[in-house]
**Student:** 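I'd like to ask some things about the structure below.
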Amino acid sequence: MAVESRVTQEEIKKEPEKPIDREKTCPLLLRVFTTTNGRHHRPDEFARGNVPSSELQIYTWMDATLKELTSLVKEVYGDARKKGTHFSFAIVYPDLKRPSYRIKEIGSTVSGRKGSEDSLTLQSQRFHIGDYLDIAITPPNRAPPPSGRMRPY
């Protein structure tokens, strides 16, 4: 006898994010790795205890938004302050089935422009303490095309 669930996706309530009191909550150390060629690091660059050399260490909270993280990165990389610079974010996390890492793209921001993914938080994207953040920075003159299908007309 087969049992079928009658619960729809709309009925499954997403657990709301609990607000974080930054005055009372200790920040976490976020290890951020950046590239300026528009591509994320390869998972094998994190293998066997190695990490890429372009590391930034940021103390922040789980409710940090992609836009907030973008502004912190722009403080360090002067060239990234140019309007139109594209920031693509990915979480690098250990693969539980193999001794390697996996990369999950979580969103992007553009310097000087508001976007729909600006307000995404680490917590909402299932970031876990101990994961890494990989940011592919693309200068405005080489910005990637907008996501979605391009229409021929």
Side-chain angles (χ1 to χ4, degrees), residues 9 12-150:
Q9 290 293 356
I12 299 173
K13 299 291 182 197
K14 184 180 176 188
E15 185 177 315
E17 283 187 34
K18 297 174 188 163
I20 294 174
D21 184 349
R22 291 185 174 194
E23 293 291 321
K24 295 181 180 177
T25 304
C26 183
L28 62 99
L29 174 62
L30 179 63
R31 295 181 70 186
V32 178
F33 300 92
T34 60
T35 62
T36 54
N37 62 8
R39 293 191 180 110
H40 289 286
H41 288 97
R42 296 182 323 272
D44 64 355
E45 293 181 80
F46 296 91
R48 295 176 293 284
N50 297 322
V51 291
S53 61
S54 60
E55 181 176 1
L56 292 175
Q57 294 186 346
I58 298 172
Y59 286 95
T60 191
W61 292 266
M62 291 294 283
D63 65 347
T65 64
L66 297 187
K67 197 63 163 181
E68 181 180 350
L69 295 169
T70 298
S71 67
L72 293 171
V73 171
K74 288 190 317 188
E75 287 179 21
V76 177
Y77 293 114
D79 291 343
R81 294 182 191 133
K82 293 178 183 170
K83 188 174 183 177
T85 301
H86 186 267
F87 297 81
S88 176
F89 293 81
I91 295 173
V92 181
Y93 61 97
D95 187 338
L96 300 177
K97 296 177 183 171
R98 294 179 207 91
S100 62
Y101 282 84
R102 300 195 68 171
I103 296 180
K104 175 181 131 184
E105 292 192 23
I106 60 169
S108 63
T109 62
V110 179
S111 185
R113 293 189 204 141
K114 291 185 179 182
S116 61
E117 298 173 336
D118 289 356
S119 61
L120 294 177
T121 65
L122 294 174
Q123 186 173 3
S124 73
Q125 297 306 299
R126 297 193 172 139
F127 178 88
H128 293 105
I129 295 175
D131 292 347
Y132 304 135
L133 193 65
D134 192 72
I135 305 175
I137 302 169
T138 308
N141 58 350
R142 293 186 297 152
S147 60
R149 252 180 92 199
M150 299 298 288

**Student:** Taking all non-hydrogen atoms of both residues, which atom of R81 and which atom of S111 are closest, and how far apart?
**Tutor:**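 Scanning both residues, the minimum pair turns out to be O-OG, 3.6 Å.
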**Student:** Within a radius of less than 6.0 Å around NZ of K82, do more than 12 heavy atoms belonging to other residues, nucleotides or ligands occur?
**Tutor:**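 It does not: K82 NZ has 12 such atoms or fewer within range.
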**Student:** Kindly compute the distance separating CZ (F89) from CG (L133), expressed to the nearest 0.5 Å.
**Tutor:**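 The CZ atom of F89 sits 6.5 Å away from the CG atom of L133.
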**Student:** Would you call T121 and M62 a side-chain contact if the rule is heavy atoms closer than 4.5 Å?
**Tutor:**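 A side-chain contact is absent here, since even the closest heavy-atom pair is not under 4.5 Å.
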**Student:** Determine the minimum heavy-atom distance between T85 and P140, stating which atoms define it.
**Tutor:**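 Closest approach of T85 to P140: OG1-CD, 3.4 Å.
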**Student:** Any chance you could measure E68, atom CD, to I58, atom CD1, to the nearest 0.5 Å?
**Tutor:**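 It is 9.5 Å, given to the nearest 0.5 Å.
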**Student:** Please round to the nearest 0.5 Å and tell me the distance separating atom CD1 of I103 and atom CG of D95.
**Tutor:**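 The distance works out to 11.5 Å.
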**Student:** Do the ring planes of F46 and Y101 sit parallel (below 30°), tilted (30 to 60°) or perpendicular (above 60°)?
**Tutor:**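 Ring orientation, 0 to 90° scale: tilted.
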**Student:** Looking only at heavy atoms, which two atoms of S88 and E105 are closest? And how far apart?
**Tutor:**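 Looking at all heavy atoms of both residues, the shortest contact is OG-OE1, 4.0 Å.
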**Student:** Report yes or no: does K67 contribute a side-chain atom to a donor-acceptor pair with the main-chain N or O of V110 at less than 3.5 Å?
**Tutor:**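 Between the backbone of V110 and the side chain of K67 there is a qualifying donor-acceptor contact (under 3.5 Å).
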**Student:** Could you tell me which non-hydrogen atom of G112 sits nearest to which non-hydrogen atom of K83, and how far apart they are?
**Tutor:**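 For G112 and K83, the tightest heavy-atom pair comes out as O-CE, 3.8 Å.
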**Student:** Report yes if some heavy atom in the side chain of S54 is under 4.5 Å from a heavy atom in the side chain of T34; otherwise report no.
**Tutor:**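 In short, these two side chains touch, coming nearer than 4.5 Å.
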**Student:** Give a yes or no on whether the backbone of L66 and the side-chain of T70 come within a donor-acceptor separation of less than 3.5 Å.
**Tutor:**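 Such a contact is found between T70 side chain and L66 backbone.
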**Student:** Looking at CG of L69 and CG of L122, how far apart are the two atoms once the value is rounded to the nearest 0.5 Å?
**Tutor:**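 Answer rounded to 0.5 Å: 5.5 Å.
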**Student:** If you round to the nearest 0.5 Å, how far is CD1 of I106 from CZ of F127?
**Tutor:**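 Reported value, rounded in 0.5 Å steps: 8.5 Å.
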**Student:** Below 4.5 Å, heavy atoms only, C-beta onward: do Y132 and V51 meet side chain to side chain?
**Tutor:**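 The answer is yes; the side chains approach within 4.5 Å.
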**Student:** Mind running side-chain contact (heavy atoms from CB on, under 4.5 Å) on I135 and V73 for me, showing each step along the way?
**Tutor:** CA-CA 9 Å; I135 305 175; V73 171; 3.7 Å; yes
**Student:** If only atom types and distance count, is the side chain of W61 paired as donor or acceptor with the main-chain N or O of T25 below 3.5 Å?
**Tutor:**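 Yes, because the side chain of W61 sits within donor-acceptor range (under 3.5 Å) of the backbone of T25.
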**Student:** Verify the neighbour count for atom CZ of R102: are there more than 12 heavy atoms of other residues, nucleotides or ligands below 6.0 Å?
**Tutor:**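 Not more than 12 within 6.0 Å, no.
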**Student:** Is atom CZ of R22 surrounded by more than 12 heavy atoms (other residues, nucleotides or ligands) closer than 6.0 Å?
**Tutor:**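 Yes, the 6.0 Å shell around CZ holds more than 12 heavy atoms from other groups.
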**Student:** Show your working on side-chain contact (heavy atoms from CB on, under 4.5 Å) between T138 and F87 and close with a plain yes or no.
**Tutor:** CA-CA 7 Å; T138 308; F87 297 81; over 6 Å; no
**Student:** Less than 3.5 Å apart, any donor N or O on the side chain of Q57 or E55 sitting next to an acceptor on the other?
**Tutor:**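 A pair is found: one side chain offers a donor N or O, the other an acceptor, under 3.5 Å apart.
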**Student:** Rounded to the nearest 0.5 Å, what separation is found between the CZ atom of R126 and the NZ atom of K104?
**Tutor:**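 NZ of K104 is found 6.5 Å from CZ of R126.
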**Student:** Counting neighbours of CZ on R113 that are heavy atoms of other residues, nucleotides or ligands and sit closer than 6.0 Å, is the number greater than 12?
**Tutor:**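 No, CZ of R113 has 12 or fewer neighbouring heavy atoms, counting only those of other groups under 6.0 Å.
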**Student:** Kindly say whether Y93 contributes a backbone atom to a donor-acceptor pair with the side chain of D131 at under 3.5 angstrom?
**Tutor:**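 A pair under 3.5 Å: no.
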**Student:** Would you say the side-chain atoms of H40 and T35 include a donor-acceptor pair closer than 3.5 Å?
**Tutor:**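 Side-chain D/A pair, H40 to T35: absent.
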